[in-house]
Amino acid sequence: MTTPNSLSCHVTQALRASIAGDVFVPGEHGYDHARQAWNLFADQQPAAVVFAESAADVARAVKFAAAQGMRIAPQGTGHGSPSLEPLEDAILLKTARMRRVEIDPATRTARAEAGAQWQDVTVPAGEHGLAALAGTSPDVGVTGYTLGGGLGWLARRYGLAANSVTAAEIATPDGHLVRADTGHEPDLFWAVRGGGGSVGVVTALEMTLYPVRQLYAGALFFPIQRSAQVLHAWQAWTGTIPDEVTSLGRILRLPSLPEVPEPLRGRAFALVEAAYLGDADNGAALIQPLRQLGPELDTFATIPAAALAQLHMDPAQPVPFQGDGALLADAPAAAIDALVALTGPDADTSLASIEIRHLGGALARSARDAGAQPQIDAQYVMFTGGFTPTPEAGDTVRAQAQAVKDALAAWHAPYDYYNFAETPADADAVLAPASYRRLQKIKATYDPGQAIISAHPVWPTTR
Ligand SMILES: Cc1cc2nc3c(=O)[nH]c(=O)nc-3n(C[C@H](O)[C@H](O)[C@H](O)COP(=O)(O)OP(=O)(O)OC[C@H]3O[C@@H](n4cnc5c(N)ncnc54)[C@H](O)[C@@H]3O)c2cc1C
């Protein structure tokens, strides 16, 4: 375990005096709770934790860090904390108290403060028959998710969440509050739409909502012994469906916990999960080839868009977790076989979930006026992970996740998906080369001294 550097009393007092929110430093009551991330495996040890109450607070914290020559790491929920570098000399700037969301049904847009979680947007948007491009989990942060691309249940129809952002409010690394949109700060506007949070601290995002009142969505559960059959059938099926269907194939080992419903508790399954933007009749016809395999449990139904948050069964509260992902140019039968060999019924594994999401559709087409991830140059993305209550469990899960990645190496795309790369990696490992080069230049303009710590670092260059 590393020990954070302490701020002097005088400096701590000055920080407290400048911030309306709370400040915690090592050794103080509340520090350990304040430094905690959603991912309980992360042991963040910053020199100070600041809970910002407003954009003005964010700007003041950033200015303070600059004046002290300190680095600063913005964080909403801490879902992305495993990929962060150590924070010993840095300020951890938490935006969790900035969760205000405004929905404008007339313009079909939402404005979400930096600490908003997806459920803060999807629920009120749903009341107007509108859907946001949220991910699978209701408590993932809108900002971190969107800055890293944002791949959700409507992705094959409407693309990455980043490319539906219409404006970003940002505190630049020198502490100025600016608005970035099609008419202002074009470089910042481009960078935050898929290039991560390396060029400033976002204080709010505005985004397009889509008219989706209901969809046909659900999961087919099969005993894990049928993994090979189910995943092969799913993969073949993905070649036949329209962009209105976004789906994934998965192997899932559910824990024996009271919050898991009785028929599923402690059991292992092969699953197909899917969401179809259309009515039940057409949806049922589309999934018929998979349904006719005879699932043990079939949850497909017409649901409101906000209920998509439950489809993937992500943990409802903070957990210790390790995982990693990879973009796959393709996932032919041999790739499915490799995956099932390592994680299927005969595997001795601590990996709780292994999923392959189907990409393509709108994700494969360069979005108009897009940001740093205009499209995804891969047909599938894999993510796998497991619960890690102890450091030893962390080592095991990390090694097994890496083994899955290695087994799929023949099908890897040239870079990984930003949001699913959970082992520390520079941004050139998770962005196309042209995007990374432009991001480096923007970083050199706005943050040449690397004051902002982001999930995937960008190394500034003017060349
Ligand atoms: C259970 C679970 C489900 C997930 N499902 C999906 C999914 O369906 N689709 C998908 O694409 N991803 C998914 N992810 C990945 C997720 O999108 C990333 O972990 C993302 O970084 C989380 O954002 P956050 O704000 O919640 O996390 P945080 O850890 O708070 O933030 C992650 C990073 O974002 C940046 N950041 C956050 N806030 C700011 C800010 N205000 N200004 C500047 N930079 C900022 C920072 O670099 C920070 O380190 C999932 C992750 C988990 C754990």
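In each ligand, atom 1 is the first atom listed, and ligand 1 is the first ligand listed.
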Asker: Does anything in residues 379-395 pair up under salt bridge (Lys or Arg N to Asp or Glu O under 4.0 Å), and if so which pairs, sequence neighbours excluded?
Answerer: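 Sorted pair list: D395-R398.
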
Asker: Just to be sure I understand the cut-off, which residues have at least one non-hydrogen atom under 4.0 angstrom from an atom of ligand 1?
Answerer: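 If the criterion is a heavy atom under 4.0 Å, then ligand 1 touches W38, P74, Q75, G76, T77, G78, H79, G80, S81, L84, A114, G135, T136, S137, V140, G141, T143, G144, Y145, L147, G150, L151, G197, G200, V201, V202, D314, R357, Y417, N419, F420, S454, A455.
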
Asker: For D57, give me all partners under salt bridge (Lys or Arg N to Asp or Glu O under 4.0 Å), at least two apart in sequence or on another chain.
Answerer: R60

Asker: Using the ring of each side chain (for Trp, its six-membered ring), is Y158 parallel, tilted or perpendicular to Y210, with breaks at 30° and 60°?
Answerer: parallel

Asker: Can you find a heavy atom in the side chain of Q75 that is under 4.5 Å from one in the side chain of L93?
Answerer: no

Asker: For residues 189-199, tabulate all N or O donor-acceptor pairs below 3.5 Å that involve a side-chain atom, not counting sequence neighbours.
Answerer:
residue, atom, partner, partner atom, Å
W190, NE1, G371, O, 3.3
R193, NE, F189, O, 2.9
R193, NH1, D369, O, 2.8

Asker: Counting only heavy atoms not in R108 (residues, nucleotides, ligands), do more than 12 fall under 6.0 Å from its CZ?
Answerer: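 Counting other residues, nucleotides and ligands, CZ of R108 stays at 12 neighbours or fewer.
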
